[in-house]
Enquirer: 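Take a look at the following structure, please.
Counting begins at 1 with the first residue of the sequence. All figures in this text were calculated on a predicted structure; none of them were measured in a lab.
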Amino acid sequence: MGEFKHLVIVKFKNDVKVDEVVKGMETLVSEVDFVKSFEWGEDVESLEMLRQGFTHAFLMTFEKKEDFTSFQGHPKHVEFSSTFSLAIDNIVVLDFPTLLVKTPP
């Protein structure tokens, strides 16, 4: 089995300062060693009817599922999650083991 991924896709509330939320998330992942890598992005291409109001995607990679489980219970993650929850209007979360099909060049 490969790495374990935590994908979060969100629609933020209108009054939220997204850059502050992202900065908080960047601080969180830099302080918790269980996170192998962290990527995020804001949608700039999709048609509104396809993205359904969702604007941002966050992807965390963990070496193994046990690291993800430890991350979920980490006090810094628990604290940040309550702040993050207040900022979002809608969310999709997917947690999954990866299967490598093609390696990067």
Enquirer: Rounded to the nearest 0.5 Å, what's the gap from NE2 on H74 to CG on D33? Could you check?
Expert: 8.0 Å
Enquirer: Quick check: is V92 connected to L7 through a chain of hydrophobic side chains (ILVMFWY, heavy atoms under 4.5 Å apart)?
Expert: yes
Enquirer: Please check if V29 and I88 belong to a single hydrophobic cluster, counting links between Ile, Leu, Val, Met, Phe, Trp and Tyr side chain heavy atoms closer than 4.5 Å.
Expert: yes
Enquirer: Working to the nearest 0.5 Å, report the span between OG1 of T69 and CZ of F4.
Expert: 7.0 Å
Enquirer: When you group the ILVMFWY residues by side-chain heavy-atom contacts below 4.5 Å and let the links chain together, are I91 and M60 in the same group?
Expert: yes
Enquirer: Using a 4.5 Å cut-off on heavy atoms from C-beta on, say whether the side chain of F12 contacts that of T55.
Expert: yes
Enquirer: With clusters defined by side-chain heavy atoms of hydrophobic residues (ILVMFWY) lying less than 4.5 Å apart, directly or transitively, does F84 cluster with I9?
Expert: no
Enquirer: Donor-acceptor check, side chain of H56 to backbone of V10, threshold 3.5 angstrom: yes or no?
Expert: no
Enquirer: What is the distance from atom NE2 of H77 to atom OG of S70, rounded to the nearest 0.5 Å?
Expert: 12.0 Å
Enquirer: Not counting sequence neighbours, which residues clear side-chain contact (heavy atoms from CB on, under 4.5 Å) with E31? List them please.
Expert: T27, K76
Enquirer: If every non-hydrogen atom of V35 is compared with every non-hydrogen atom of S37, which pair is closest and at what distance?
Expert: CG1-O, 3.3 Å
Enquirer: Just how far is it from atom NZ of K23 to atom CD of E26, taken to the nearest 0.5 Å?
Expert: 7.0 Å
Enquirer: Hey, could you give me the CG/CZ distance between D89 and F54, rounded to the nearest 0.5 Å?
Expert: 8.5 Å
Enquirer: I'd like to check M25 versus F38 (side-chain heavy atoms, cut-off strictly below 4.5 Å). Are they in contact?
Expert: yes
Enquirer: In Å, rounded to the nearest 0.5 Å, how long is the span from CZ of F96 to NZ of K65?
Expert: 13.5 Å
Enquirer: Judged by atom type as modelled, is there a donor-acceptor pair below 3.5 Å linking the side chain of K13 to the main-chain atoms of L86?
Expert: yes
Enquirer: Honestly curious: do V93 and V16 fall in one hydrophobic cluster under the side-chain, below-4.5 Å linking rule?
Expert: yes
Enquirer: Grab the two heavy atoms, one from V21 and one from A87, that are nearest each other, plus how far apart they are.
Expert: CG2-CB, 4.0 Å
Enquirer: Only one of H6, E3, E39, K5 clears side chain to side chain donor-acceptor pair (under 3.5 Å) with T61; which?
Expert: K5
Enquirer: Taking the six-membered ring for Trp, are the ring centroids of F71 and F34 within less than 6.0 Å of each other?
Expert: no
Enquirer: E48 side chain to G53 main-chain N or O, any donor-acceptor pair under 3.5 Å?
Expert: yes
